[in-house]
K.L.:
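Structure incoming, see below.
Residue numbering restarts at 1 for every chain, and letters A, B, ... go by the order of the sequence lines. In this text the structure is predicted, and so the values were computed from the model without any measurement.
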Amino acid sequence: MTSFDMLSAPIRKYIYDKGWGSLRPIQEAAIQRIIPTDNNYVLISRTASGKTEAAFLPILSKVNFREQGVKVLYISPLIALINDQFIRVEKLCEYLDVPVTKWHGEAAKGAKEKLLKHPEGIVLITPESLEAMFVNKPYQIKHLFANLEYVVIDEIHSFLGSARGTHLQSLLSRLQNINSRKFCIVGLSATVSDVNRYIELKEFLGDPENTKIIRDKTPKPINAVFRYFASTSPNLSSDLLNDVYVSTKNSKTLIFPNARGRVEEVAVGLKKISDRLGGHQNYFSHHSSVDKEVREYVEFFAKNSSVQNFCISCTSTLELGIDIGNVDEVVQIDATHSIASLIQRVGRSGRREDRASNLFLYATDPWSLLQSVACWLLYQEQYIEPVSVNKKPYDVLLHQTLSIVKAHSGMMFSELLEEICANSSFSRIEKNDIEAIIRHLAKTDLLEKIGNEYIIGIEGEKLVNNKDFYSLFQTPVLFKVSCQGVKIGELPLSSQVRIDENVYLSARIWKIQDIDYETKKIEVIPARDGKKPIFSGDPADTVHKIREKMLEIILSEDQYDFLDAAGHETIRELRKYFSVFEVKNPETDRIVHHGQTNSTFYTFTSSKIHRTLSFMMDSFGIEHQIHDSSSSMSIKSTDGDFAGVLQGIHLDEITIVQMLEQLIQEKPAMLDFSKWAKYLPLRYQAKLLKESYFDFEGCHSFLKNLNFVEN
DNA sequence: GACCTGCTGCGGGCTG
């Protein structure tokens, strides 16, 4: 039977009315598999290849919507994505007479109440709203979701390898718990690594044996152009901005400059050039600190601008599948930290099938150029970095224990233990560790034991009844910036935030007039000139493979035709500098350059291994400094034989945990990477730190095979 | 220099 014939009559009519000549490959494959089987599937296919329909056409053909309850639950990492998908799915569902409901923090209350009265059809939700439902509506959640047939998870890669992902995994497990029948899961993504045959992904869905991957690997033609403009100051060179302007002035463009401050610098800089030369006025900035309504306006403008060109300077806010219509060009300024990120960004351009994507990769320093080239070569080899999933997520366990106890309002110890042990996201955590954590919660008044039952304790109430409880990630405190009642965005309280200081925000220039420290508000007026805003944050980690590729490029003699003259010259100089070292094997050989006062160890390894090396060197009194972006560390020359010392270190698990316990006691801020870690017993804090923040295993195998090449 | 993501329930003020 053809895929089209396998679909139900109303769905066939939908396709007919849409005027689709044929189904996309990923849609054909999904229909052939989803309709006749009850497996879980993950559909992997590039952006704009029709993944949403690939999931919903067969699911809607198959599901019996006449039964009680919500039948299909769609989970998305972003509210903006839910709002986009709602419009598409609702149109499709008009053919079936099936209601669709948005359920997130900004969705209409009326629609939610209607759903509670008549649970039916399809619900689109965020993980945090699902968590809130478990905590505040434990009875209604059964009423709503006890008859699910399908759960669809959009942008599933964005959840893998993070605490938010483990949280979602736990919620799925709890959802399955309240269902009498097994529901099927369909995940959607454009970027998933197939290292180890997708085992992380399959385990994430809780049923590895019955989870299949459907992947459309059809490549997409991309015209990549590298351009090198060295920056001599913290600001971008005017040559670079002028070049970007010329390359993008007649197109619909997205620019990714990697940091919010730089996003503003680029948006304002290009706007000024355009003003001077009489170009278009549609220069915008889009990142987490631009006011939400402003961002929505920018998205709306991009989506609905058929004739007018525009240029949006943005961070990863525009990396996922929010619908902004057709983009002709993507500009990346300095290297992405991952291949996955590069794929998502490239995927945003040339969404029309017949058009190739244009990609401009600018670099402002030699190391960034090198990493950029490494990412590009790995991308062409179809490599995507693996995600590291923490198998013992004690922090998520603690959070979910509070959530489960709150939902049950009173639970026997054995009952609680049983529910946690049955949760697939905690399957690698030993039973006695779970017991120890529950006892600790009772000891610290997060839980309270009354008779034979556990309830939420006095301290626990403060956490559970706070709106901050529903998420596993934390956000810094920012000051709201507005101009005469018009919201513009947010700024952190930095040294820059002073009266009369001028600053860029939302692609415009402002003068700070008033700062209210109580209400955390900043009042501004328009200004003519200013500086880029200062934001604080941690850079994302880069994996070992990218750094190793960088060394490979240095050792190779390949000439890359995608580089401009300045890029060629920069790579040539890097090769020349390292040519005095006799490096043969990029997998094992690493360079140490001994200078007069310092030695430089060119590690060419991951950010996590850098942190681990740094921790070990601190412990053994080797004075040093890590430079992650240039893949190196400088070491005081008096510590001459640090290489021998490092390779001589053999730390067993117990010693590492003891050392980390001490580190946490000396520097509690070490736990800032996790929102809930501070409520754990010290030993589990140390274990979590070891697994999530450091990489002792990777560091050990890196050091074991290491061959130091010195001058 | 340095990414991103989400949010209940209730009360007060306003509109129709």
K.L.:
Hey, does A:Phe360 have a side-chain heavy atom less than 4.5 Å from the side chain of A:Val244?
P.N.:
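No, every pair of side-chain atoms sits at 4.5 Å or beyond.
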K.L.:
Can you check the A:Lys109 NZ to B:dT8 P distance for me, whole Å?
P.N.:
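That distance rounds to 8 Å.
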K.L.:
Going by 5.5 Å between centroids and 30° between planes, is there a stack of A:Tyr470 over B:dT8?
P.N.:
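A stacking contact does not exist, since A:Tyr470 is not both close and nearly parallel to the base ring of B:dT8.
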K.L.:
Find the distance A:Lys531:NZ to B:dG1:C1' and express it as a whole number of Å.
P.N.:
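Distance, rounded to whole Å: 16 Å.
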K.L.:
Measure from CZ on A:Phe256 to P on B:dC3 and round the result to the nearest Å.
P.N.:
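About 14 Å, once rounded to whole Å.
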K.L.:
Begin from the C-alpha positions of A:Phe469 and A:Trp676 and carry the test ring-ring contact (aromatic ring centres under 6.0 Å, His included) through to its verdict.
P.N.:
CA-CA 10 Å; A:Phe469 182 71; A:Trp676 300 95; 5.5 Å; yes
K.L.:
Which nucleotide, B:dT5, B:dT8, B:dC4, lies nearest any side-chain atom of A:Asn136?
P.N.:
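For A:Asn136, the side-chain atoms sit closest to B:dT8.
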K.L.:
Between B:dC7, B:dT5, B:dA2, which nucleotide gets closest to the side-chain atoms of A:Thr475?
P.N.:
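Looking only at heavy atoms from C-beta outward on A:Thr475, the closest nucleotide is B:dT5.
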K.L.:
Which residue lies toward the 5' end of DNA chain B, A:Lys532 or A:Lys292, if each is placed at its nearest nucleotide?
P.N.:
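Looking at the nearest nucleotide for each, A:Lys532 comes out on the 5' side.
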K.L.:
Among the candidates B:dA2, B:dC7, B:dG6, find the nucleotide nearest to the side-chain atoms of A:Pro539.
P.N.:
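Among the listed nucleotides, the one closest to the side chain of A:Pro539 is B:dA2.
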K.L.:
For B:dC3, does OP1 or OP2 lie under 4.0 Å from any side-chain N or O of A:Arg260?
P.N.:
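Answer is yes, contact under 4.0 Å.
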K.L.:
Please check the phosphate of B:dG9 (OP1 and OP2 only) for any side-chain N or O of A:Lys137 closer than 4.0 Å.
P.N.:
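Yes, within the criterion.
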K.L.:
Looking at B:dG9, does its base get a donor-acceptor pair with the side chain of A:Asn465 below 3.5 Å?
P.N.:
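It does not, because no donor-acceptor pair links the side chain of A:Asn465 to the base of B:dG9 below 3.5 Å.
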K.L.:
Assign the ring pair A:Trp376 / A:Tyr379 to parallel, tilted or perpendicular, where the plane angle (0 to 90°) is split at 30° and 60°.
P.N.:
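Rings of A:Trp376 and A:Tyr379: parallel, under 30°.
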K.L.:
Nearest-Å distance, CD1 (A:Ile82) to P (B:dT5)?
P.N.:
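The answer, rounded to whole Å, is 14 Å.
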K.L.:
Looking only at side-chain atoms of A:Ile79, point me to the closest of B:dC4, B:dC3, B:dC7.
P.N.:
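Of the options given, the side chain of A:Ile79 lies nearest B:dC7.
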K.L.:
A:Leu402 CG to B:dT8 C1': how many Å, rounded?
P.N.:
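About 17 Å, once rounded to whole Å.
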K.L.:
I need the CG-P distance between A:Asn466 and B:dC10, as an integer number of Å.
P.N.:
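These atoms are roughly 15 Å apart.
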K.L.:
Of A:Pro234 and A:Pro77, whose closest DNA chain B nucleotide lies nearer the 5' terminus?
P.N.:
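Mapping each residue to its closest nucleotide by heavy atoms, the 5'-most match is A:Pro234.
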K.L.:
Do A:Phe601 and A:His624 pass the ring-ring contact (aromatic ring centres under 6.0 Å, His included) test, and can you show the C-alpha distance, the side-chain angles, and the key distance before you say yes or no?
P.N.:
CA-CA 10 Å; A:Phe601 172 20; A:His624 69 281; over 10 Å; no
K.L.:
Ignoring backbone atoms, establish whether A:Arg345 has a side-chain N or O less than 4.0 Å from OP1 or OP2 of B:dC3.
P.N.:
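Looking at the OP1 and OP2 atoms of B:dC3, neither is under 4.0 Å from any side-chain N or O of A:Arg345.
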K.L.:
Do the rings of A:Phe604 and A:Trp367 sit parallel, tilted or perpendicular, given the 30° and 60° boundaries?
P.N.:
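A:Phe604 vs A:Trp367 ring planes: tilted.
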K.L.:
Touch check for A:Thr315, heavy atoms < 4.0 angstrom, all strands: base, sugar-phosphate only, or nothing?
P.N.:
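Contact class for A:Thr315: sugar-phosphate only.
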K.L.:
What about A:Ser316, does its side chain sit under 3.5 Å from the base of B:dC3 through a donor-acceptor pair?
P.N.:
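Present.
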K.L.:
Ignoring hydrogens and angles, answer whether the base of B:dG6 and the side-chain atoms of A:Ser129 contain a donor-acceptor pair closer than 3.5 Å.
P.N.:
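No, no donor-acceptor pair under 3.5 Å.
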K.L.:
Taking all non-hydrogen atoms of both residues into account, name the closest pair between A:Gly269 and A:Leu241 and its distance.
P.N.:
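For A:Gly269 versus A:Leu241, the nearest heavy atoms are CA-CD1, 4.3 Å.
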K.L.:
Which nucleotide wins on minimum distance to the side chain of A:Thr317, given the candidates B:dA2, B:dG6, B:dC4?
P.N.:
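When the side chain of A:Thr317 is considered, B:dC4 is the closest of B:dA2, B:dG6, B:dC4.
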K.L.:
OP1, OP2 of B:dA2 versus side-chain N and O of A:Ser536: anything below 4.0 Å?
P.N.:
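The answer is no; no side-chain N or O of A:Ser536 sits under 4.0 Å from OP1 or OP2.
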K.L.:
Nearest whole Å is fine: how far is B:dT5 P from A:Glu490 CD?
P.N.:
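Roughly 10 Å, once rounded to whole Å.
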K.L.:
Pick base, sugar-phosphate or nothing for A:Ala540, based on heavy-atom distances below 4.0 Å to the nucleic acid.
P.N.:
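Contact class for A:Ala540: base.
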K.L.:
Distance check needed: B:dT8 C1' versus A:Trp103 CH2, whole Å only.
P.N.:
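Spelled out: CH2 on A:Trp103 to C1' on B:dT8 is 11 Å.
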